[in-house]
Each structure stands twice: as C-alpha cells, then as structure tokens.
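Reading through the structure tokens given below for one structure.
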Amino acid sequence: KEKRKRSRVTPEQLTHLERIFTQDRSPTAQRRKEISEMLGMQERQTQIWFQNRRAKAKLQEEKRNSRSGPFDLELDSPPNSPPDFDPNYEADIYALIHEEDAVSIIPCTDLCIGSWRRIATGPGKHDLVAYMSLTKRCLT
C-alpha cells in the first residue's frame, strides 16, 4: 500500500485554526466537523492539527516556565525570528488588531521609534501591542 502524501494547511486555514484554538483548545468531534467543513479540510486533518497544536502549546509553556522572566529571549531561536504566539495570551487580542493574516504577537511594555516613545499604562493592558505579519512583511 502506498503512503499518502502529507497535506499542509493553507495560510488562510492556519489563521482560522489559530483563532479557534485561542478560544477552544479541545473542540468536540461535532465542532471539529464544523471547522473541517468551513475550512474545506478532512476531519482527521483537523483532529491531528489540534492534537499537534496542543503539544506545541505545552512545549511553549514548559519553555516559558523554565526561564527566569516572561520577556527573556529564547536562546535557541535565531535573533531575526519573531516569538511564537502565546496561547495563554488573552484571546481578545486578535479582536483588537483586525488582521486577516496570521501574525506573531510581540509582548512589549514600551516602544521607541526614533525620538518617539510610548510606554504601556500597566501590565496586562492591551494599549500597547506589537505584532508581525510575515505575509505582509510588516511590523505593526
């Protein structure tokens, strides 16, 4: 029997899957079926995607807990790569940024561009959010 070729999700499917994941990390079989139909994916593909995404989130959580602070840089990631989206970061952040493409959230407390500087009003607030869109090749 010949092995099936691996199928990849499209960037649009990935965006939707990530948004759904922020709201529900373990959707029911019925919900996965709805998601599959909405995105034009096989149910098994959707099931495996959520399984893999939960495993990735668990690894990210373990890495984060083993570091000394929440904003430390990961030593094993290249300096030019953006940090991964933290699944525990509040889900409503996506509603604030109004982006269709997948983005990488960059937690920050202050932002400087030239002589302009903005400082967040406090921890946990969403008044200062930076994010990167690889599709658009921009930092917002």
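Computed from a predicted model, the values in this text were never measured in an experiment.
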First locate atom [atom1] of [X], then atom [atom2] of [Y], and finally report the distance between them rounded to the nearest 0.5 Å.
X	Y	atom1	atom2	answer
R64	E62	CZ	CD	10.5 Å
L17	T22	CG	OG1	11.0 Å
T28	K33	OG1	NZ	11.5 Å
M41	T10	CE	OG1	8.5 Å
Q47	N52	CD	CG	10.5 Å
R8	Q45	CZ	CD	12.0 Å

Q. Which pair of heavy atoms, one from Q42 and one from S36, lies closest together, and at what distance?
A.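 Here Q42 and S36 meet closest at O-OG, 3.6 Å.
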Q. Between K58 and E61, is there a salt bridge with N-O shorter than 4.0 Å?
A.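 Between K58 and E61 there is no salt bridge, as every charged N stays at least 4.0 Å from the carboxylate O atoms.
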Q) Any side-chain heavy-atom pair from T46 and L39 closer than 4.5 angstrom? A)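 They are not in side-chain contact.
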Q) Would you say F50 and I48 are hydrophobically clustered, going by side-chain heavy atoms of ILVMFWY under 4.5 Å? A)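 Unlinked, F50 and I48 end up in two clusters.
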(Q) Run R25 and R53 through side-chain contact (heavy atoms from CB on, under 4.5 Å) and show every step you take. (A) CA-CA 8 Å; R25 291 172 66 133; R53 188 60 181 86; over 6 Å; no
